[in-house]
Amino acid sequence: MIQITLPDGAVREYEGGVSAMDVAKSISEGLARKVLAATINGEVWDAGRPIHENASLQLLTWNDLSGKATFWHSSAHLMAEAIESMFPGVKFWVGPALETGFYYDIDLGDHQIGEDDLRRLEIKMAELAKQSNAFVRKEISKADAIQYFGDKGDQYKLDLLGGLQDGGITLYTQGNFTDLCRGPHIPNTGFIKGIKLTNIAGAYWKGDEKNKMLTRIYGVSFPSSKELDEYLVLLEEAKKRDHRKLGKELELFAFSEKVGMGLPLWLPKGAMLRERLQQFLQKAQLESGYLPVITPHIGHKNLYVTSGHYEKYGKDSFQPIKTPQEGEEFFLKPMNCPHHCEIYKTSPRSYKDLPLRLAEFGTVYRYEQHGELHGLTRVRGFTQDDAHLFCMPGQVKDEFKKVIDLVLYVFNSLSFTDYTAQISLRDKTDRSKYIGSDENWNLAENAIIEAAAEKGLKTVVEYGEAAFYGPKLDFMVRDAIGRKWQLGTIQVDYNLPERFDLNYIGEDNAKHRPVMIHRAPFGSMERFIAVLIEHCAGKFPLWLAPTQVKLLPISDKFLPYAEIVSTQLKNADIRVEIDDRNEKIGKKIRDTELAKIPFMLVLGEKEMNEGKVAIRRQGKGDIGVTPIAEFIDLINEEVKSKKSFE
RNA sequence: GCCGUUGUGGCUCAGUGGUAGAGCACUUCCUUGGUAAGGAAGAGGUCGUGAGUUCAAUUCUCAUCAACGGCUCCA
């Protein structure tokens, strides 16, 4: 008999060779029907694999991340089986589970595959799934495995085998398909009910562009068709929220081939929104002791030679701007830091001047690769809500805490309530690639960890993710439909103060090196607005809405009254427009609703005679008639409270 | 940069080897209408760009540009 310890601490006795599935059945049949895999002593196993020793066991279902991953991995195998049956002779590379769904990389040989094939594959997969073929695990020696795949002429699996140790090599078979696979897998294909193959893409073998391009097919699957439908609804929702689509519809920004790819043009409404955001942060920064600065968009070559950017980016980025002066070269600035370092150097600094916080909404240009460009989230010219904090090593922690406060203030004001922070530290073993003294690094790394802890941030620590010039803290937010985005960042920098030979006079009357902290709560205006658009589906909170109120006169007769209302609202700093088209009120309301303008004021005979306005809230309908002054109060209050969209 | 898909009036999209169509938007006229689309008329496109095949190309071929999906998740 062996002892199996369950997650709640209960210990049960079973015959040796019992499987997790047997254990599940002994608890309840209903549970057993849901079991996809199990964690045995911390390792994920097939539910049917015999257990021969005492073990702790956790049953995994669709509700567990590892359960889902196993499910998708098995789905990838199912897809491979379907592909092999439809396109005999194709060769498979790897087919892992993703955060959502799975893919398989395939060498199709002479076959071509298109969208229609995906639909056919889905049908084939469903058919194979219905057979409820078991996933059978088989241990095999390396030599036998090499023999097996050698006979098949499968150079990809042979390549994988080359990197594996003998012993513990396993094959998995379901139906007519056998694959080299570590597993684990779900009990049988019958669990897979809702299947959707989402797209086809090219992917280099081993991710190296010198290698052959394989065909990658992405898919996602679920234990019921209901869950698949829910997922498809979510995809639809994400599509509706796409900032590129909404940006066009709401006339926020545009791109022009003539201007150049990745160079956004901000339209009046988008510029309005962006300026609101900028003013909001500027005000908060002013209150937190930041000093605004402004620097030019280009800088002399020497600036970037000093900063090191010339060496790092020179060749792979925008090329120098030449002048009539022989040999003179300027570069578009890829970042604001070098300019700010020069500002620091404009006068001798005392420890009493520190921390010195220089802030600028600085536009920078980076030559991103063609394929990297994406809407507003990846562009070639963008504006960072940048600031550089020059401080003494001992002040790092305090400054970090203040920046965290600022970032959280920004997030809360925009109703990003679900966020985590990633702390990126040095590689634990190899420290040769980092610049700066060990002492300072330790100080800064601890400062970040402590600051984050004291501010109660949910954090993940990643070793080896720090930049060569210093540790950092990045904020990830989840938007309204659960997608993750990386926004604000705070980075310590030991490199630039060194390169620019920055210093301050300490209490001891000697020169010291300041620490520099880069920080950007938004990340960039472009990226932040993209995320904001998707987060709120284009329904901006009132304080940000480009147009806050639309006046809808019932007919031309009430245009003069609309003008009067408009003037009063404008005097109260409310952004208002009049719909003076010769259209019926129903039409005007429809168009304004679709433009996602928060408030509509319907103006007709009654309102005019009484000096009132009939308020309609976007998405909510008619909310009553009030005097103009009361409406202004209502707006001001909502703007002041920075209430979020609903 | 690489692979795949796409490229038709401002927008969304149909269509054809014989020099193009719809809806919305726009202009004008009628209508002056109370909470999600009133009616009529009109204007607007060298079908991304360049070359080739053809009597003839927006349609076929090639090149080029741009957008989109991928190229990170490693049996």
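Letters go in sequence order (proteins before strands), and every chain restarts at 1.
- Atom name C1', nucleotides C73(B) and A66(B): the rounded distance is 29 Å, in whole Å.
- As rounded to whole Å, 13 Å separates atom P of U12(B) from atom CG of L246(A).
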*Where along nucleotides 68-73 of chain B does protein come under 4.0 Å, by heavy atom, of base (B) or sugar-phosphate alone (S), with - for untouched nucleotides?*
SBBBSS

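- I554(A) comes within contact range of at least one nucleobase, with a heavy-atom separation under 4.0 Å.
- I623(A) has its CD1 atom 17 Å from the C1' atom of G34(B), to the nearest Å.
- Whole-Å rounding puts the D579(A) CG to G33(B) C1' distance at 14 Å.
- Atoms CG (D556(A)) and C1' (G33(B)) sit 11 Å apart, rounded to a whole Å.
- Residues that satisfy the side chain to side chain donor-acceptor pair (under 3.5 Å) test with T547(A), not counting sequence neighbours, are E577(A).
- E593(A) places no side-chain N or O within donor-acceptor distance of the main-chain N or O of Q618(A), the cut-off being under 3.5 Å.
- Checked against side-chain contact (heavy atoms from CB on, under 4.5 Å), D622(A) has no partners two or more places apart in sequence or in another chain.
- As rounded to the nearest Å, U8(B) and G45(B) have P atoms that lie 16 Å from one another.
- When the P atom is used for both U72(B) and C3(B), the distance is 15 Å, rounded to whole Å.
- Using a 4.0 Å cut-off between charged side-chain N and carboxylate O, D579(A) and K550(A) make no salt bridge.
- At a threshold of 4.0 angstrom between heavy atoms, the contacts of V94(A) are confined to the sugar-phosphate backbone, with no base atom among them.
- Partners of Y367(A) by side-chain contact (heavy atoms from CB on, under 4.5 Å), not counting sequence neighbours, listed by chain and number: S317(A), F318(A), R380(A).
- Following rounding to the nearest Å, L552(A) (CG) and U35(B) (P) show an atom-to-atom distance of 13 Å.
- Nearest heavy atom pair, residue A145(A) against residue I169(A), reads CB-CG2, 4.4 Å.
- Applying the side-chain contact (heavy atoms from CB on, under 4.5 Å) criterion to K612(A), with sequence neighbours excluded, gives E610(A), V625(A), P627(A).
- Here K588(A) does not pair with E583(A) in a salt bridge; the nearest charged N to carboxylate O distance is not below 4.0 Å.
- Annotation: U46(B) and U5(B) have their C1' atoms spaced 27 Å apart (nearest Å).
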*Determine, for nucleotides 36-50 of chain B in 5'-to-3' order, which nucleotides have protein heavy atoms under 4.0 Å from the base (write B), from only the sugar-phosphate (write S), or from neither (write -).*
BBB------------

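- Comparing G48(B) with G15(B), their P atoms sit 15 Å apart, to the nearest whole Å.
- Listed by chain and residue number, K245(A) satisfy the side chain to side chain donor-acceptor pair (under 3.5 Å) test with E249(A) (two or more places apart in sequence, or in another chain).
- For R241(A), the side chain to side chain donor-acceptor pair (under 3.5 Å) partners two or more places apart in sequence, or in a different chain, are E237(A).
- Qualifying side-chain contact (heavy atoms from CB on, under 4.5 Å) partners for L121(A), counting only residues two or more places apart in sequence or in other chains: A82(A), I83(A), M86(A), I113(A), L118(A), L197(A), I217(A).
- Contact check, K588(A) against G34(B): no side-chain N or O comes under 4.0 Å of OP1 or OP2.
- Only the C1' atoms considered, C26(B) is 29 Å distant from C68(B), to the nearest whole Å.
- Nucleic acid contact class of E249(A) (heavy atoms, under 4.0 Å, all strands): none.
- Rounded to whole Å, atom P of A75(B) lies 10 Å from atom NE2 of H77(A).
- With distances taken from any side-chain atom of K557(A) to the nucleotides U32(B), C11(B), U35(B), the minimum falls on U32(B).
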_Bracket string, RNA chain B, 5' to 3' - pairs by Watson-Crick or G-U geometry under 3.5 Å, | interstrand_ = (((((((..((((....[..)))).(((((.......))))).....(((((..]....))))))))))))....

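- The side chain to side chain donor-acceptor pair (under 3.5 Å) check on W62(A) picks up E227(A), with sequence neighbours excluded.
- Under the 30°/60° scheme for interplanar angles, the aromatic rings of H73(A) and H185(A) are found to be tilted.
- Mapping G621(A) and S555(A) onto RNA chain B by nearest heavy atom places S555(A) at the nucleotide closer to the 5' end.
- Contacts with RNA chain B (heavy atom under 4.0 Å) in residues 607-615 of chain A: E607(A), A614(A), listed by number.
- Within the 3.5 Å criterion, the main-chain N or O of E139(A) finds no donor-acceptor partner in the side chain of T170(A).
- Atom P of C13(B) sits at a distance of 12 Å from the matching atom of G9(B), rounded to the whole Å.
- With P as the reference atom, U61(B) and A43(B) are 36 Å apart, rounded to whole Å.
- In this structure, R581(A) places its CZ atom 13 Å from P of C24(B), rounding to the nearest Å.
- Salt bridge status for K157(A) with D159(A): absent, with no side-chain N to carboxylate O gap under 4.0 Å.
- Per the geometry, CG belonging to D107(A) stands 17 Å off C1' belonging to A75(B), to the nearest Å.
- With hydrogens and angles disregarded, a donor-acceptor distance shorter than 3.5 Å links the side chain of E607(A) to the backbone of G604(A).
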